[in-house]
Amino acid sequence: MKKILIADDAGFCFGVKRAMNIAWNEVTSTENEKIYALGPLIHNKQAVAKYEEKGLVTVDEIGQIEDQSSKMIIRSHGVAKKIYDEAEDHGLEVVDTTCPFVKKIHTLAKKAYDEGKQVIILGDASHPEIIGINGWCQNSAIIFKTLEQFKEIDLDKSKEYLVVSQTTMNEKEFEKIVEYIDKLDMNINIENTICSATRVRQNSARKIASQVDAMVVIGGRHSSNTQKLVKICSESVDTYAVETKKELEGVSFDTYEIIGVTAGASTPDWIIEEVIDYLSSL
Ligand code: F3S
């Protein structure tokens, strides 16, 4: 191997970087005090472990937090309104790291619901971000993932609708839906709430994959945005999906001239640097 190319946009997006910085400040500024995270901070167990070493405790639900008046971190995906209420009832201090782009969708969903409109969400119903958004319109949203599913929704001409999207949704699918809705004679307001960080990362991965002989994609196995990068890269070249540099040990890169590197939005810089250092040492 002669050369390593690194994607221009790889690793933490703005929202995750912001959330992780806020959480880091919290865990490092308090001594002997437990700080709780409601759900894993990000889909990267190495990064989460670093925070847990500093005293962070990850819980699945508020009921698991026994210490009253402790701090609870809400992660960048955001949560439903009822979680804020529950936290208050438990006397917890909320450290809210919800990404501002997700927060904006909460505001849109709540406003539409309060105005009597039906909220429709393009997204994955089981994803925490969607569960959170739905919680701002009293769990009344219609959730769908494809144009085919949208066509099956029983729309009512006398109603007003708001369509929003999961921030990481595929833009092509969204465009198809907008095109379809434009042809309907219905009162449907569409807000494109897809975050550009996903597109930028995917374009950057596609570009670099076309210039190299093999790609290394770094990120958590459960990180959907990382898995999308793996799919994009593997359409062009041999692709190695790893969580850390350890998984590359023993892999022979001898037959490749140029290796490209990219990473999902939940991969910290230090893990990316370790991989690049390892590849450089070969
Ligand atoms: Fe926020 Fe976009 Fe990242 S919504 S968490 S900046 S992918």
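Computation of the quantities below employed the complete heavy-atom set of this structure, encompassing side-chain atoms and omitting hydrogens, waters and symmetry-equivalent molecules. In listed order, ligands and their atoms are each counted from 1. Every value quoted in this text rests on a predicted model; they were computed, and no experiment measured them.
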What do the steps show when you test Lys246 against Glu249 for salt bridge (Lys or Arg N to Asp or Glu O under 4.0 Å), and what is the final call? CA-CA 5 Å; Lys246 253 199 142 3; Glu249 289 166 8; 3.7 Å; yes
Chi angles and distances behind the salt bridge (Lys or Arg N to Asp or Glu O under 4.0 Å) call for Glu247, Arg221: CA-CA 12 Å; Glu247 289 165 62; Arg221 300 239 184 286; 2.3 Å; yes
Parallel, tilted or perpendicular: which one describes the rings of Tyr84 and Trp136, with boundaries at 30° and 60°? perpendicular
For the residue pair Phe150 and Tyr180, does the interplanar ring angle fall in the parallel (under 30°), tilted (30 to 60°) or perpendicular (over 60°) class? perpendicular
How many protein N, O or S atoms sit closer than 2.8 Å to atom 2 (Fe) of ligand 1? 1
Check whether Tyr113 reaches the backbone of Asn134 with its side chain - one donor and one acceptor, N or O, closer than 3.5 Å. no
Quick one: do the Asn203 and Arg206 side chains pair a donor with an acceptor below 3.5 Å? yes
